[in-house]
Protein chains: 2
Amino acid sequence: MRRPPVISLTTSPNRRISPVKRPDMVNGMQCRSRSARTGRPRSAAADAAILAATRTALVELGWSKLTLGYVATLAGVAKTTLYRRWAGKNELVVDAVAELFDELELPDRGSLAADIEGVVLQFAAILDRPEAKTALMAVVAESTRDEPLRERIRTSIVDRQKRLVLEGRARAQARGELPPESDPADADRTAALIFDVVAGAVVHRTLVSAEPADEEWVRSFTRILLVGLTGAAADAAQ
Amino acid sequence: MRRPPVISLTTSPNRRISPVKRPDMVNGMQCRSRSARTGRPRSAAADAAILAATRTALVELGWSKLTLGYVATLAGVAKTTLYRRWAGKNELVVDAVAELFDELELPDRGSLAADIEGVVLQFAAILDRPEAKTALMAVVAESTRDEPLRERIRTSIVDRQKRLVLEGRARAQARGELPPESDPADADRTAALIFDVVAGAVVHRTLVSAEPADEEWVRSFTRILLVGLTGAAADAAQ
DNA sequence: CAGTTACGCTACGACTCGTAGCGAAAGCTC
DNA sequence: GAGCTTTCGCTACGAGTCGTAGCGTAACTG
């Protein structure tokens, strides 16, 4: 069962939001003189191995049966090391799943419709992975009673998706497909609405209806959304 | 801690889908001669007390910290009784939450827009309850690795919501707000799509974005959806 | 070199899980 | 009523997980 231990020649950890639990950090600021970090540094390879092991364990066991002890064994790391870096299962899984969303991009496909279809298909492909399926909803469920966890999800997963909406709209406005916004507050509200509609629809299709968000579905969805957006914008402009 | 024990003068259990685990039942059909159920009947009051206690425990503890032992104590019932009726935490919570959706209805408000707004607001009100928030996403997450559980969710929660979509469309077609469907297969696909968009958007808004689906939001959402539907339908009709 | 921090390992009490076994209670049929 | 059947409450149990403490060692800094 025990996998080959991680090669331990390492340096420099803390890629994303530092995995919590650094006694010398307060509010994200280092207390001691900048980078006066003495002592043995944390193994960055261990970080990577733990997050990868977490995803493997999610596929094998699912969320509820996943134990930190098993993840540690899988990563070739002591259980105590895991607890030194993450506060618990929730935080660990959020970081492990967040990496899946690193690949989300918004290539310019020339039209708003094509841009939407492209990003929705990317999002659907990520959600199609078993580790994302079982983990995403679970941590969201936990976050309803855990404000810091919700914040962690927001910054490391949700906001990155939301940025794509803003970028796509800016492009469409530059192309003349959408009218420029007059009221900035109203623009924010609309962007948030569109984000909830897009992300919510894909998630619901994939996880609740348990059917694939394939090209045909994405085309239908995009058409309705696009007609709704341009039509509603035209209404408002009158 | 121990609540007053359930009044035990009872009869006739099995309101919804019989809570599982009846050794004399196979595939939902009784094996012995019809209704030859001899012996002491299960307490229906205990069923109700258990489901209510489950919701209370969800509010107090959330999904992950909820234990069947605590639910049993809260309901004034032995833990073994609980295990005799439900296979586990997942099934119990699905039944407990499903009752929340009993109140979903679709009163005729005279127009498609008003009908959509009404049902979305109802759905949002249910999702606003803490027990629904923490439980719904959790069981959906579990269902990604548990086909029977997914089926249970589908029949006792999802399908009931979906029926409202079909009913709303039929009304709108009767009013002439939407064109009648020609291809029945295409009609099914469109209904499923709309359902995913509506339910997904509300869930995402409430749980992921963690902001209320209030009247203003619902109005904006309905406008986009309605324009998208009627516009796209008009496009297709050409 | 001394000082500091991270790591692997072992062990621990506390808790939950799901089940088994028992006697008593609550229905039904004859 | 007697007799049968099933449920109920209760206790007890082994198995497994949790999160932490303590220790000796490894890695890096000045």
Side-chain angles (χ1 to χ4, degrees), chain A residues 2-14 18-25 30-47 49-50 57 61 64-73 75-92, chain B residues 2-14 19 21-25 30-47 49-50 57 61 64-73 75-92:
Chain A
R2 174 163 289 278
R3 303 285 171 102
V6 181
I7 351 88
S8 283
L9 352 155
T10 59
T11 1
S12 84
N14 302 347
S18 72
V20 205
K21 276 200 166 179
R22 289 291 298 272
D24 60 332
M25 291 187 120
Q30 291 187 352
C31 292
R32 322 222 168 173
S33 60
R34 64 221 160 87
S35 87
R37 301 231 7 81
T38 170
R40 177 176 175 175
R42 284 186 175 174
S43 162
D47 258 11
I50 290 171
L61 306 175
S64 60
K65 293 182 182 172
L66 178 146
T67 72
L68 294 196
Y70 183 67
V71 171
T73 304
V77 157
K79 192 174 61 162
T80 44
T81 298
L82 234 155
Y83 278 104
R84 286 189 193 103
R85 303 192 185 194
W86 283 276
K89 188 167 154 176
N90 293 333
E91 290 77 7
L92 172 62
Chain B
R2 174 161 290 278
R3 304 286 173 101
V6 181
I7 351 87
S8 284
L9 351 155
T10 60
T11 0
S12 82
N14 302 348
K21 275 201 166 177
R22 286 292 297 270
D24 59 333
M25 291 187 120
Q30 291 187 351
C31 292
R32 323 225 166 168
S33 59
R34 66 221 156 88
S35 88
R37 300 233 6 79
T38 170
R40 176 177 177 175
R42 285 187 175 174
S43 162
D47 258 12
I50 291 171
L61 306 176
S64 60
K65 293 182 181 172
L66 178 146
T67 73
L68 294 196
Y70 183 67
V71 171
T73 304
V77 157
K79 192 174 61 163
T80 43
T81 298
L82 233 157
Y83 278 104
R84 285 189 195 104
R85 304 192 184 192
W86 283 276
K89 188 167 153 176
N90 293 332
E91 291 77 8
L92 173 61

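Quick note on labels: first sequence line is chain A, next is B, and so on, each numbered from 1.
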Check: B/Trp86 and B/Ile50 side chains under 4.5 Å, non-hydrogen atoms: yes

If the helix axis at each end comes from five base pairs, how far does the helix from C/dC1-D/dG30 to C/dC30-D/dG1 deviate from straight, to 10°? 30°

Can you tell me how far C1' of C/dT16 sits from NZ of A/Lys89, to the nearest Å? 13 Å

Can you name the nearest heavy-atom pair linking A/Gly69 to A/Lys79, along with the distance? CA-CD, 3.9 Å

In whole angstroms, how far is the P atom of C/dG18 from the CG atom of B/Leu92? 11 Å

The side chain of B/Ala78 is closest to which nucleotide in this list: D/dT5, D/dG9, D/dC18? D/dG9

Starting from C1' on D/dT7, measure out to CD1 on B/Ile50 and report it in whole angstrom. 12 Å

side-chain contact (heavy atoms from CB on, under 4.5 Å) assessment of A/Leu66 paired with A/Lys89: CA-CA 9 Å; A/Leu66 178 146; A/Lys89 188 167 154 176; 4.1 Å; yes

Mind checking what makes side chain to side chain contact (heavy atoms under 4.5 Å, CB included) contact with A/Thr80, not counting sequence neighbours? A/Ala78, A/Arg84

Once you round it to whole Å, what is the distance between P of C/dA6 and CZ of A/Arg42? 5 Å

Whichever of A/Gly39 and A/Gly88 has the more 5' nearest nucleotide on DNA chain D, that residue is A/Gly88

Compare every heavy atom of A/Ala75 with every heavy atom of A/Ala49, then report the nearest pair and how far apart it is. O-CB, 3.7 Å

What pairs of nitrogen or oxygen atoms, one from the protein and one from nucleotides 12-17 of chain D, lie under 3.5 Å apart?
none

Pull out every protein N or O sitting under 3.5 Å from an N or O of nucleotides 22-25 of chain C, one pair per line with the distance.
| unit_1 | atom_1 | unit_2 | atom_2 | d |
| --- | --- | --- | --- | --- |
| C/dA25 | N3 | B/Arg40 | NH1 | 3.1 |

Would you indicate, yes or no, if D/dC4 has its OP1 or OP2 atom less than 4.0 angstrom from a side-chain nitrogen or oxygen of B/Thr38? no

Tell me the closest heavy-atom pair linking B/Ala57 and B/Val71, and the distance in Å. CB-CG2, 4.0 Å

Can you tell me how far C1' of C/dA6 sits from CG of A/Asp47, to the nearest Å? 12 Å

Taking all non-hydrogen atoms of both residues into account, name the closest pair between A/Val77 and A/Ala46 and its distance. CG2-CB, 4.4 Å

Rounding to a whole Å, what distance do you find between A/Asn90:CG and D/dC18:P? 12 Å

Rounded to whole Å, how long is the line connecting atom CG of B/Leu82 with atom P of D/dT7? 15 Å

Set of residues satisfying side chain to side chain donor-acceptor pair (under 3.5 Å) with respect to A/Thr81, sequence neighbours excluded: none

Could you tell me the separation between the NZ atom of B/Lys65 and the C1' atom of D/dC18, rounded to a whole number of Å? 12 Å

